[in-house]
Amino acid sequence: MTNHWIDLKNSDCIMIMGSNAAENHPMSFKYVTQAMDNGATLINVDPRFTRTSAKADLFAQIRPGTDIAFINGLIRYAIENGYYHEAYVRNYTNALCKINEGFDFTDGLFTGYDAASKSYADKSTWQYQKDGDNNVFADDLDDPDCAFQLLRNHVSRYTPEVVSQITGVSESRFLEIAEAYVKGTYQDDKVGTIMYAMGWTQHTTGVQNIRAFSILQLLLGNMGRAGGGVNALRGESNVQGSTDHGLLSHLLPGYLKAPAASDQTLADYLTRVTPANINGDKSVNYWKNTKKFVVSLLKDYYGESATAENDFLFNNLPKTSGDYSHMALFKAMDEGIIKGLICMGQNPAVGGPNAEHERSALEKLDWLIVADLWETETAVFWKRDGATPSAIKTEVFLLPAAASFEKEGTVTNSGRWAQWRYQAISPPGNAKSDAWMLHRLGAMLQFLYLFKLDFTDPFKSIRWDHVTDAEGGPDPSELAKRINGYNLTDNTLLSSFANLADDGTTSSGSWIYCGSYTENGNMTARRDRSDANDESGIGLYSNWSWCWPVNRRIIYNRASCDTNGDPWDPAKKVIWWDGSAGEWKGGDVPDFVKTSAPSAGVGPFIMRQEGLGRLFGMALADGPLPEHYEPFETPLAHNPVGTGQLRNPCIKIYNDEPGSSSAYPYVATTYRVSEHWQSGSMTRNLPWLCELIPNVFVEISETLAEAKDIRTGAKVRVVSARGQMEAYALVTPRIQQLRINGGTACEVVGIIWHFGYQGIATGDSGNCLTPNVGDPNTMIPEYKAFLVNIEKIIF
Ligand SMILES: Nc1nc2c(c(=O)[nH]1)N[C@H]1C(S)=C(S)[C@@H](COP(=O)(O)OP(=O)(O)OC[C@H]3O[C@@H](n4cnc5c(=O)[nH]c(N)nc54)[C@H](O)[C@@H]3O)O[C@H]1N2
Ligand SMILES: Nc1nc2c(c(=O)[nH]1)N[C@H]1C(S)=C(S)[C@@H](COP(=O)(O)OP(=O)(O)OC[C@H]3O[C@@H](n4cnc5c(=O)[nH]c(N)nc54)[C@H](O)[C@@H]3O)O[C@H]1N2
Ligand SMILES: [Mo]
């Protein structure tokens, strides 16, 4: 989230699109409800009518995988009607920046596409026009080369009629929503926000869904303000913390890029990852601090062994040369390239795309370690129907893990708040915390490498000298202090990443957490609800726990004020410039140097080199502007937006062929229910939750039920090009037949994926059906739009 949970209460118009917040993030609704009590409008766009929809003022049922068309339609509506925040757009976005004259978009492709590699190999035409080091700015928004006009031109095709043809949402409903979200907030100078989750991300166009809405938020002047922002509702408890701390394969802690095989030295790495200044002397280019962050990280990893002379042991870091995302790893297991897997707190035999493919890939492993609370489907993949245990050579180790309340440490929520939790009870039996397991494993490996093997350096030099707690695992407070970081000259805890140095005199396990555990104590354990500086009562709660970066609760908060530093909305002040004091004041930590006067002209989007929010982007794999492409599997033979590109031209296909719409005529999507959690290990082992939802079900419309002669409670078989599942039918008006593409009927089948062959309640996972294809930026699987057929099982 750029903002945070409590801030939702400040919104005037809340769009929930691509999430079912009422059921999957119920606490969020406390603040959504508060906003509505204050007069906010709630809009929900989903392929099904959910409990979120039931609370909404406006609901639209959308065909899965078509959100970009809808949002591009909203962008077009904002621009063509002049409902955009002009001062914000001119000063805080790259609207006026001129883009390279060679840039073009023809027949569904942007310039620079390379068909052989299915990628935009050459992005040179997506860059700013330059005069020396400086960007070239247009005199006005009507310059044909400026980002604003390129965006306007690009979205001009997304008329309400075209939006309706693609999405199945009627023109009138689309316009009602456009009026409420765009015109309504524009005219009354109100603030709108977006709450999204997996309904947007799990697509081959997942990242561009979010990008499209970010563009809309910039146009409406909603970024940086109370009640605004772009808000991702994160899923698993502490999934935010896990990505913060580098659990993604392409990142080091603190969202630093992972070293690549081509980086021979730290200098090579820094040159590759640090963007060039793109606006001459005025360039903010925050990333020029990268060396401080990386050297401090290496000092945390390697301690005194890391010196300037040995490049701080940069070359001990693992380096990447390919795709290490979930589907790529399972492909490598299937091909026998990866021989062993440590599966810690994950159950891919149920949750992975094309789950049967993942289960059979596990059969190829030499060894598998599962650390879990339960004996999961993954741990007993060799017992599943259709497997031949005697033919499977994989040696499986099951390690009992301690649950969250049986250990101590921080959990970071979606709003970036790291909150310390205490241990409630000791783990049962031999169960141990994951940290205990990893600490032992690391110590054993270090021991082996130290004495038994030749390849000693990388392992010998790792600082694996954890202080241990009563249970023999690493002491959580010591880990938290290491993550925060030290001034190594006097061994004091640092108070901010502003104090990090690039000469080896500081350490920090994650620069964005610098300030979370200081000489003043454990900031994440703070539980003080008073907040004297929050003059408008927007609920910043700056003394409650700690939030990265530097306890800043609303990111890009400079944009909450006009160019003079006065809040756009004096009733919901975040920060403001106090000319007499010569500094920024307010409840939140300003997003740049506190004494930097508005006249200095620093752009509010400090993580971009030019300091501007990008209407036209340069960073994504699949284009600088969002474009509607059909999902990998689609009922349509042509892209209704009229280009020759049916699917995302950069789509990641791992090992599946698309099923045809004649064999699989219905659009399927998958989702969660309140009563179960994910792969179900944590809920299908609890009798009281199994009683609430004991069986797998699929939801279909009344029209499809009639056509297929299926009644509620009938046993059905759902089939895709990958496999099949059995379920009970639930016939419901909550899903309606859609009309798309000139009147073609489109039926949507709704499927849950919480079930498997272990536990008290068992059944087939929706992932028996899902494809092994993904978004080209994140490689997230397309769980939310694919094709199926459905038949009644006749006994
Ligand atoms: N009770 C419960 N709560 C959970 C979880 C759980 O398993 N159980 N899981 C947690 C986790 S890890 C996560 S990531 C979150 C996920 O939270 P959500 O993203 O809210 O979860 P889903 O139910 O998968 O999908 C949300 C909605 O997206 C809709 N949808 C499907 N396709 C599309 C589409 O193309 N466009 C649009 N606009 N909507 C679409 C679905 O109909 C569904 O209502 O929930 C977390 N909370
Ligand atoms: N079709 C379809 N598939 C999906 C999705 C979808 O929307 N549709 N959503 C995807 C999403 S967003 C997610 S997050 C994944 C989730 O996929 P998984 O992460 O595989 O699902 P979980 O059931 O949450 O698995 C977590 C496991 O960790 C165990 N566990 C809990 N606490 C601890 C602990 O402290 N230590 C250890 N070692 N283990 C612990 C639990 O018992 C459980 O078995 O599924 C994905 N799969
Ligand atoms: Mo998730």
Side-chain angles (χ1 to χ4, degrees), residues 16-26 28 44-53 60-68 70-71 167 195-203 205-206 209 232-239 326 343-355 370-379 399-407 414 427 431-435 437 631 667-685 689 699 734-735 748 750-754 756 758 765-770 780-786:
I16 302 184
M17 188 167 178
S19 101
N20 177 8
E23 292 180 72
N24 297 325
H25 297 88
S28 71
N44 179 225
V45 182
D46 197 294
R48 312 174 293 140
F49 188 88
T50 66
R51 284 173 174 134
T52 302
S53 328
Q61 189 191 327
I62 189 169
R63 173 165 67 99
T66 63
D67 296 66
I68 288 176
F70 195 96
I71 306 163
T167 61
M195 294 164 65
Y196 76 89
M198 296 303 120
W200 267 5
T201 54
Q202 293 171 341
H203 292 282
T205 51
N209 275 327
L233 317 183
R234 312 241 25 204
E236 297 267 17
S237 171
N238 210 26
V239 66
H326 184 93
C343 200
M344 212 162 202
Q346 200 186 7
N347 187 11
V350 174
N354 193 351
V370 174
D372 206 289
L373 317 183
W374 309 92
E375 188 176 53
T376 62
E377 283 79 0
T378 303
L399 305 180
S404 60
F405 49 88
E406 294 160 354
K407 54 200 176 192
S414 306
K432 301 288 182 202
S433 73
D434 299 294
M437 296 181 211
V667 176
T669 192
T670 60
Y671 46 82
R672 298 156 165 79
V673 295
S674 301
E675 295 78 0
H676 283 295
W677 185 262
Q678 311 273 71
S679 75
S681 337
M682 295 178 73
T683 50
R684 285 184 294 103
N685 281 301
L689 289 175
E699 294 184 275
R734 293 190 307 260
I735 296 181
V748 174
I751 302 172
I752 59 170
W753 58 280
H754 298 295
Q758 282 287 96
S765 166
N767 282 319
C768 298
L769 311 174
T770 49
I780 196 171
E782 190 154 62
Y783 286 122
K784 289 233 178 331
F786 53 96

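First listed ligand is number 1; within each ligand, the first listed atom is number 1. The analysis underlying the following values was restricted to heavy atoms, covering all of them including side chains, and did not include hydrogens, waters or symmetry mates. This chain uses plain numbering: 1 for the first residue, then up along the sequence.
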Student: Would you please name every residue forming a side chain to side chain contact (heavy atoms under 4.5 Å, CB included) with Glu375, sequence neighbours left out?
Tutor: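 For Glu375 the side chain to side chain contact (heavy atoms under 4.5 Å, CB included) partners, ignoring immediate neighbours, are Ala379, Val380, Lys383, Leu398, Gln758.
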
Student: Numbering the atoms of ligand 1 from 1, which are under 4.0 Å from a heavy atom of Asp46?
Tutor: 27 (C), 28 (O), 29 (C), 41 (C), 42 (O), 43 (C), 44 (O)

Student: Distance under 4.0 Å to a non-hydrogen atom of Met198: what atoms of ligand 1 satisfy this?
Tutor: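 Counting from 1, the qualifying ligand atoms are 14 (S), 16 (C), 19 (O).
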
Student: Between ligand 1 and Ala785, can you find any atom pair, the residue atom being a heavy atom, that is separated by under 4.0 Å?
Tutor: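 Checking ligand 1 against Ala785, which is what was asked, there is no heavy-atom contact under 4.0 Å.
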
Student: For ligand 1, which atoms have a heavy atom of Thr50 less than 4.0 angstrom away?
Tutor: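 Answer, ordered by atom number: 44 (O).
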
Student: Side chain, backbone, both or neither: which part of Val239 has a heavy atom under 4.0 Å from ligand 1?
Tutor: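 Neither part.
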
Student: Hey, what's the ring geometry for His676 with His754, parallel, tilted or perpendicular (30° and 60° as the breaks)?
Tutor: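 His676 and His754: tilted rings.
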
Student: Are any of the N/O atoms on Ala371, whether in the backbone or the side chain, positioned under 3.5 angstrom from an N/O atom of ligand 2?
Tutor: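 Yes, at least one N or O pair falls under 3.5 Å.
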
Student: Any atom of ligand 2 sitting under 4.0 Å from a heavy atom of Trp677?
Tutor: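 Yes.
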
Student: For Arg234, which part has a heavy atom under 4.0 Å from ligand 1: side chain, backbone, both, or neither?
Tutor: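 For Arg234, there is no contact with ligand 1 at all, from either part.
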
Student: Should you measure from each heavy atom of Lys407, which atoms of ligand 2 turn up under 4.0 Å away?
Tutor: 34 (C), 35 (O), 36 (N)

Student: Out of all atoms in ligand 1, which are within 4.0 Å of some heavy atom of His676? Include the element for each.
Tutor: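 Answer, ordered by atom number: 1 (N), 2 (C), 6 (C), 7 (O), 8 (N).
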
Student: Pick, from Val45, Asn24, Asn20, Thr66, the option with the minimum heavy-atom distance to atom 21 (O) of ligand 1.
Tutor: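 Looking at heavy atoms only, the winner is Asn24.
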
Student: Just let me know how Gln202 lines up against ligand 1, side chain, backbone, both or neither, with a heavy-atom cut-off below 4.0 Å.
Tutor: neither

Student: So is Val673 in contact with ligand 1, going by heavy-atom distances below 4.0 Å?
Tutor: yes

Student: Considering only heavy atoms, does Glu675 approach ligand 1 within less than 4.0 Å through its side chain, its backbone, both, or neither?
Tutor: neither

Student: Compute the shortest N/O to N/O distance between Gly352 and ligand 2 and return yes if it is under 3.5 Å, no if not.
Tutor: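 For ligand 2, there is no N or O atom that lies under 3.5 Å from one belonging to Gly352.
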
Student: Judged by non-hydrogen atoms, does Ala402 sit under 4.0 Å from ligand 2?
Tutor: yes

Student: Which residue supplies the protein heavy atom nearest to atom 33 (C) of ligand 2, what is that atom called, and how far is it?
Tutor: Leu373 CD2, 3.8 Å

